[in-house]
2 protein chains.
Amino acid sequence: MSLPSSSLTKIIEEYITELLEENEIGEVSLRRKDLAERFGCVPSQINYVLRSRFAPENGFLVESQRGGHGYIKVIQLTFNNCDEEVVHLADLVGNAITEQEARKLLVNLKNREVISPRERLIIEVALRSQEENGRSLFDISPYRRDLMRAELLKKILTSLALG
Amino acid sequence: MSLPSSSLTKIIEEYITELLEENEIGEVSLRRKDLAERFGCVPSQINYVLRSRFAPENGFLVESQRGGHGYIKVIQLTFNNCDEEVVHLADLVGNAITEQEARKLLVNLKNREVISPRERLIIEVALRSQEENGRSLFDISPYRRDLMRAELLKKILTSLALG
DNA sequence: TTATTATTGACTTATACTGACCAAAAATAT
DNA sequence: ATATTTTTGGTCAGTATAAGTCAATAATAA
């Protein structure tokens, strides 16, 4: 019966999200040290929040610079063709997907202009690379490779959908 | 909480970039001492800006001459097509590349509009996915992960170049 | 309990900026 | 012509600042 204790991570996440919303352009620059001070935590906590909440899989990009005048910039990508379509297709991927099925799906997406030819190329290269590593470097079973392929594909598709 | 203040380096960088844009030909001649005076800094600061912002990997060449009527000339390289440049950048990746270095490179490519934000997002997701697998699933050493990261990045960049 | 997620702090790395000293080219004096 | 002086720019090492990494620990969820 305890109240949901709002975690620090959640609070910081909400703060950054708020800043992003205020800032029309969908990006905001931060000082890691200042943020840490404001929320009374250690600076590396900020890295944890960024890693776990503002990851590319979630449609965010993070740029940063160390040293004097250092900063952390969080960018929220917004695509105009932000489709439930893509989300739906991510569902279609399911838990496991073969190379053939994956390729078919990508061709389909390309034909419907949900992704560009270049984007399709990048995705295919990434999938193939993982396949190769799984097969010859780590000796992963075919089925497990199908699982991993589905994982990667879903991550990529949802990252595009969330943008 | 203060926003990151603009650094001297950034200001000088912007000034030079502006001069380059005004000057159709894509090159501009400077006096180190004058620049230093204008921005109230030590002359070697100008060298720092040139080294860190107008380096060949950013698509610039710098020529200079000492002595009376000495000068510094900044030349902006123009590529016939972006893809030519992508091949060059694949070389820059080298055999091994850290997460930080990879991100810097992608930011650079994005700023120069060699890749789109969506393309960058996909690439980041792919790199991160491989990193995660390598780290927690297969227990790959950090250095080997740098090797694998370089491999994947080069595959993607060259595929874009050849596509 | 066991697994996952959150938090911390010691250590590492990257960037900005300065100033003292070095090197080269042109102008001037001999 | 040659040497000297003046006018540029170059290099490097030191200092300050700020972010990143990693592994150990704590808290929470399953």
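Chain A is the first sequence line, chain B the second, and so forth, proteins listed ahead of strands; every chain is numbered from 1.
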If only side-chain N and O atoms of [X] are considered, is one of them under 4.0 Å from the OP1 or OP2 phosphate oxygen of [N]?
{"X": "Gln100(B)", "N": "dT12(C)", "value": "no"}
{"X": "Gln45(B)", "N": "dC17(C)", "value": "yes"}
{"X": "Thr9(B)", "N": "dC17(C)", "value": "yes"}
{"X": "Arg51(A)", "N": "dT7(C)", "value": "no"}
{"X": "Tyr48(B)", "N": "dC17(C)", "value": "no"}
{"X": "Ser64(A)", "N": "dG20(D)", "value": "yes"}
{"X": "His69(B)", "N": "dG9(D)", "value": "no"}
{"X": "Lys10(A)", "N": "dT28(D)", "value": "no"}
{"X": "Ser44(A)", "N": "dT21(D)", "value": "no"}

Would you mind reading off the distance between [X] atom [atom1] and [N] atom [atom2], rounded to a whole angstrom?
{"X": "Leu8(A)", "N": "dT5(C)", "atom1": "CG", "atom2": "P", "value": "18 Å"}
{"X": "Lys73(B)", "N": "dG9(D)", "atom1": "NZ", "atom2": "C1'", "value": "16 Å"}
{"X": "Glu63(A)", "N": "dA19(D)", "atom1": "CD", "atom2": "P", "value": "15 Å"}
{"X": "Leu50(B)", "N": "dC17(C)", "atom1": "CG", "atom2": "P", "value": "14 Å"}
{"X": "Lys33(A)", "N": "dG9(C)", "atom1": "NZ", "atom2": "P", "value": "16 Å"}
{"X": "Phe39(B)", "N": "dT18(C)", "atom1": "CZ", "atom2": "C1'", "value": "18 Å"}
{"X": "Arg32(A)", "N": "dT8(C)", "atom1": "CZ", "atom2": "C1'", "value": "12 Å"}
{"X": "Asn108(B)", "N": "dT15(C)", "atom1": "CG", "atom2": "C1'", "value": "16 Å"}

Checklist entry - For Gly70(A), which contact category applies under a 4.0 Å heavy-atom criterion: base, sugar-phosphate, or nothing? => result sugar-phosphate
Checklist entry - Reckon Ile46(B) touches a base, only the sugar-phosphate, or nothing at all at heavy-atom distances under 4.0 Å? => result nothing
Checklist entry - When you match Pro142(B) and Arg31(B) each to their closest nucleotide on DNA chain D, which lands nearer the 5' end? => result Arg31(B)
Checklist entry - Mapping Arg103(B) and Gly67(B) to their closest nucleotides on DNA chain D, which lands nearer the 5' end? => result Gly67(B)
Checklist outcome for this item: Quick note, Arg66(A) side chain, CB onward, closest among dA16(C), dT21(D), dA14(C) is dA14(C)
Item to check | Options dC17(C), dG9(D), dC22(D), nucleotide nearest the side-chain atoms of Arg135(B) | outcome: dC22(D)
Checklist entry - Which comes earlier along DNA chain C counting from the 5' end, the contact point of Cys41(B) or that of Glu101(B), where each point is its nearest nucleotide? => result Glu101(B)
Item to check | Validation row: Pro56(A), Arg128(B) side chains within 4.5 angstrom (heavy atoms) | outcome: yes
Next on the checklist: If I take atom CD from residue Glu57(A) and atom CG from residue Leu157(A), how far apart are they, to the nearest 0.5 angstrom?
Outcome noted: 12.5 Å
Checklist entry - How far does CG of Leu127(B) sit from CD1 of Ile122(B), to the nearest 0.5 angstrom? => result 12.0 Å
Next on the checklist: How close do Leu153(A) and Ala102(A) get, counting heavy atoms only, and between which atoms?
Outcome noted: CD2-CB, 4.1 Å
Next on the checklist: Less than 3.5 Å apart, any donor N or O on the side chain of Arg112(B) or Asn58(B) sitting next to an acceptor on the other?
Outcome noted: no
Item to check | Asn133(B) side-chain N/O to Leu137(B) backbone N/O, donor-acceptor pair under 3.5 Å | outcome: no
